[in-house]
Amino acid sequence: MPIDPGPKFVPLSELAARVPDGASLAIGGSFLHRGPNAFVRELIRQQKRHLDIIKQSPGYDLDILCRAGCVAKARAGIVAMEGNFGLAPWYRRAVEQQQIELEEHACMTLTAGLRAAAFGVPFQPVGGVHGSDLARLNKWVSITDPYGSGQQVWIVPAIRPDIAVIHVNEANELGDGRVYGTYNWDRIMSRAAKRVFLVAERMASVRSFQDQPELTLIPSFMVQGVSIVPHGAWPGSCWPLYEVDYPAVEDYLSPQRALETHLTDAPETKEHVFV
Amino acid sequence: MPIDPGPKFVPLSELAARVPDGASLAIGGSFLHRGPNAFVRELIRQQKRHLDIIKQSPGYDLDILCRAGCVAKARAGIVAMEGNFGLAPWYRRAVEQQQIELEEHACMTLTAGLRAAAFGVPFQPVGGVHGSDLARLNKWVSITDPYGSGQQVWIVPAIRPDIAVIHVNEANELGDGRVYGTYNWDRIMSRAAKRVFLVAERMASVRSFQDQPELTLIPSFMVQGVSIVPHGAWPGSCWPLYEVDYPAVEDYLSPQRALETHLTDAPETKEHVFV
Amino acid sequence: MSDDRPAWSSFSYIVTNLARFVRPDEVTFSGVNSTPPMLACLMAKRAYDFDFVYLNVAGGVQPRPSKIPISSSDPVLAEGSTAIFTNEDFYDLCTRGGMDLCFLGAAQVDGRGCTNVSAIGDWHRPKVRLPGGGGGAVMLPTARRAVTWRTEHSTRTLVETLDFVTAAGGMHGVVTPIAVFVKRHDRLVLQSWHPDVTLDTVQERTGFSFDATDATPTSLPTARELAALRSLDPDGQFERDAQLQ
Amino acid sequence: MSDDRPAWSSFSYIVTNLARFVRPDEVTFSGVNSTPPMLACLMAKRAYDFDFVYLNVAGGVQPRPSKIPISSSDPVLAEGSTAIFTNEDFYDLCTRGGMDLCFLGAAQVDGRGCTNVSAIGDWHRPKVRLPGGGGGAVMLPTARRAVTWRTEHSTRTLVETLDFVTAAGGMHGVVTPIAVFVKRHDRLVLQSWHPDVTLDTVQERTGFSFDATDATPTSLPTARELAALRSLDPDGQFERDAQLQ
């Protein structure tokens, strides 16, 4: 495995600095839940450009990146703020005004592409899709089962992100990461990507990982960089530590509210959160 | 999901009785580790016939089933007693004398077949296999990546066992199961099979599962039958509870030792182990 | 929720009639962006005598959430679960034929029960860019039954021709504030309509033609259905958030 | 392990020369039915100054086993791990190009480093039915480097033509009790041989022709290699179990 230059544990700013313009970035979590939002905001502060965002169900993260002009392409299944907030307004505008390229997926076709990359094969068959215009739109190929079942199955080409950024509840000093509650799509993202960065709510002891190694989602040898950022999923939730900060999301969505103000409100701007 | 007739928690004898002659049976664990061996022996006591055994790395389980004449076909990657015991003698004889049909796989091609079944697709691409006579032997098809990478990839047809039998450390009264240490191939087996039976070392509280739902390998709604059999992986190990009983394995392998004696030595023959 | 409200509000009509699609012992799923189905599944657990397997997108398996979240993918929906059934797991369950009832969102629905959640207008130059594919394209053709809802019943939402076919395969059921459609021979037919409106109104406000031969006014909510919904939305917050007149 | 044994025993020769294939920082894997590679990986951790990522078939990731098991797939080999990396995980890692060094078993090896672990004689009417495919067919062509060993160095085990090609792709290295082969231009060439035997002996006992131009006698075990192996096999049980003369 390629060992990244530089130390594994770095401040958030240094972790984000390792993302080159034009990189394809898989972002963990789902909608307003356990996304590495502090990392996403740091990408904006560093004025990253031409990013290719890969996520089954992005929302705030993709929207704010579009708002800041960091995005060239999005590969996504469903994009919304969720809750009662409906559509993601800046993402919507970016697509409607053709400022970004959209590769629209079903969540599972995007996952099939990630599976192909994780499994080391050029394509992955996926159930369903029959009759969907998405197949034509994405020029997917369907294959008749050569083993005689007569089934037609759609196959999706491999999707291998340059980097997967995963927000975990806990990391240890070796760089192993674990998540409480659902890990959403983060497992396959971490296996499909060339590199894995973790943003962790807090450190936990190596001993606690040795006591229950079954809980570890991402082993340290797969991880090239880790930052510790308490409350880093804000304004989203991180189960079981904190819930969605709905007023903050409302604030973010109000056109009167400047993006800069939102960015300075963010918890990661407080010095002490860096390791 | 088809709900099986009969209660979920049953004595081992009733669980084994639900396996019809000729059934395809995926068996959990690996070699001498965490296999549902008490269940396997019960199949022998009930004189099951024409079973189709599916397992990446069987050993004692497939060997004793061949010894008792229960097997019509085996789909396996690597078959051995392991440790210092070398080949599985009764399995070897059964194949050499063509008493059973062998579908020889690499562990990962068998897994690809199980993945296809679990994913609801007719076939699954798998890495490697290039140049192996196994492809010709099994009449596998290779496909050129229609997306232009030029890669040739081998695809394996779906393998959907009638039943997967998994030996777990703990089950709760709902029928959820969890495993400590590696679950080997048991996760994909449980997703690929039409039905799942659990043999558990012991009961644990529902509360303990609710406290750490991330540890649950097989959710109860996927499980049609459960038996509680302490020491049920004997003469194999069940981490962290007990290790391989090497003298017992040696005993099993000695031609002087009658199969019946071995069967009566087994822990599941003690009344108290039934729920 | 004030007690002087009519037996059917638009909100209770949608949630209750979604709940009425739930059947005993079946594996039933609610997903993201799906507050009404989330409430319907939780309501069915409280209002009906049978049990069923409730899975949700938060990884919940038969959960006992300590609160009812605004977001239908909130991790609290896995609280009390004895397992976490993650996204890959419930999608695979669906594509291999193990999902009995799946609730899926839609912006437009046509007379075959196919859906558009991608774009209004030309996909490449959309008038409105919608959330997108989500579960539909894979789950609608593979779930044993899929059911959707629209909070607006109009010729814009129930259309003869979809601007874009995001998901085919055909919904088994569609619930709106005034009508319940079910599929028969690959067409949606009217099963029942809101007793406070006329059949003509339903026809006027529906963009596709449908058979109404066997349709009847929707039976009023039972006391247990009303009590269950009230217990889920004691102060009517969900009803207000739904913004249905 | 008695102290009067020669610097090289057949057993120590195999284990030590397998260990010498381990490189700094690489992801290195030992599998089932693989006692010598298991010992080689554990030995490399103790004998060499560099670190590497040791994965094994028991799910171990940099484990610190409290004992050395007889079975190379014993769950004790995951003891002390901070993660469990299960079978699907390490196979996928290999097929996507993330496995640097993979130790794989073989019954027959040919001059290209391809292997047979399936059958001696005709596959359909085997003289000897062997364990079978295992990891090889998938891992040998996809691992960056694969290394195997034979406890018997003979024209039966190192052959010109395999009875059956279980795995192609070609071993990077092959270790026997008397020789170490490495691949160069898709052929195995002799890298070094046991100092107590002659080059002629190696040639006589090898079924395939090989280049020996650059071959030298194998350098003797270092004090640290000897100490590491002794610490893994203090009473010589593994050496006796290997049954090598």
Side-chain angles (χ1 to χ4, degrees), chain A residues 1-5 8 113-124 158-161 164 168 170-179 183 187-196 198 200 203-224 226, chain D residues 22-30 41 44-45 50-66 74-102 135 137-146 169:
Chain A
M1 318 275 296
I3 308 292
D4 261 43
K8 184 176 272 190
L114 295 173
R115 280 179 168 174
F119 298 169
V121 295
F123 58 81
Q124 173 64 40
I159 297 171
R160 184 155 203 194
V168 297
E170 295 170 325
N172 64 30
E173 64 193 37
L174 302 171
D176 300 285
R178 65 187 171 200
V179 159
Y183 53 72
R187 190 181 179 291
I188 192 65
M189 279 183 181
S190 70
R191 272 56 174 174
K194 296 175 193 156
R195 282 173 171 56
V196 180
L198 302 184
M203 295 289 284
S205 70
V206 165
R207 179 55 188 276
S208 73
F209 278 70
Q210 290 171 321
D211 288 345
Q212 292 194 292
E214 302 85 359
L215 287 177
T216 300
L217 180 65
I218 304 174
S220 54
F221 76 88
M222 291 176 61
V223 175
Q224 282 77 39
V226 187
Chain D
V22 177
R23 296 180 188 170
D25 300 328
E26 287 192 343
V27 176
T28 302
F29 175 82
S30 73
C41 291
K45 286 279 186 184
F50 59 81
D51 195 20
F52 62 98
V53 178
Y54 176 38
L55 306 181
N56 62 50
V57 70
V61 181
Q62 303 286 51
R64 292 180 178 67
S66 58
D74 192 302
V76 74
L77 286 172
E79 211 177 11
S81 294
T82 51
I84 297 294
F85 207 61
T86 64
N87 300 52
E88 283 180 86
D89 247 331
F90 58 70
Y91 271 98
D92 289 335
L93 179 69
C94 190
T95 53
R96 70 178 176 257
M99 194 76 85
D100 297 302
L101 175 59
C102 189
V138 164
M139 285 181 145
L140 181 48
T142 55
R144 291 178 187 276
R145 297 194 324 285

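Atom set for the values below is all heavy atoms of this structure, side chains included, hydrogens, waters and symmetry mates excluded. Letters A, B, ... mirror the listed sequences (proteins, then strands); counts begin at 1.
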Problem set entry | Atom CD of A:Glu173 with >12 non-hydrogen neighbours under 6.0 angstrom | no
For this session: State whether A:Arg115 and D:Asp92 are salt-bridged, where the test is any N-O pair (Lys NZ or Arg NE/NH1/NH2 against Asp/Glu carboxylate O) under 4.0 Å.
Result: no
Exercise. To the nearest 0.5 Å, how far apart are CG in A:Leu174 and OG1 in D:Thr82?
Worked result: 5.5 Å
Exercise. Do A:Thr216 and D:Phe85 pass the side chain to side chain contact (heavy atoms under 4.5 Å, CB included) test, and can you show the C-alpha distance, the side-chain angles, and the key distance before you say yes or no?
Worked result: CA-CA 9 Å; A:Thr216 300; D:Phe85 207 61; over 6 Å; no
Exercise. Given a strict heavy-atom distance threshold of 4.5 Å, which part of A:Ala117 is in contact with chain D: side chain, backbone, both, or neither?
Worked result: backbone
For this session: Ignoring hydrogens and angles, tell me if any N or O in the side chain of D:Arg96 forms a donor-acceptor pair with the backbone of A:Arg191 under 3.5 Å.
Result: yes
Exercise. Hey, are the side chains of D:Asp25 and A:Phe221 touching, using non-hydrogen atoms and a 4.5 Å cut-off?
Worked result: no
Seminar exercise, completed: Greatest number of non-hydrogen atom pairs under 4.5 angstrom with chain A, of D:Val61, D:Thr86, D:Leu55, falls to D:Leu55
For this session: Measure A:Arg178 against the heavy atoms of chain D and call it side chain, backbone, both or neither at under 4.5 Å.
Result: neither
For this session: Would you check if the side chain of A:Gln210 reaches a backbone N or O of D:Ser81 as a donor-acceptor pair within less than 3.5 Å?
Result: no
For this session: Answer yes or no: is there a side-chain heavy-atom contact under 4.5 Å between A:Phe119 and D:Tyr91?
Result: no
Problem set entry | Contacting moiety of A:Asp211, where chain D heavy atoms sit under 4.5 Å | neither
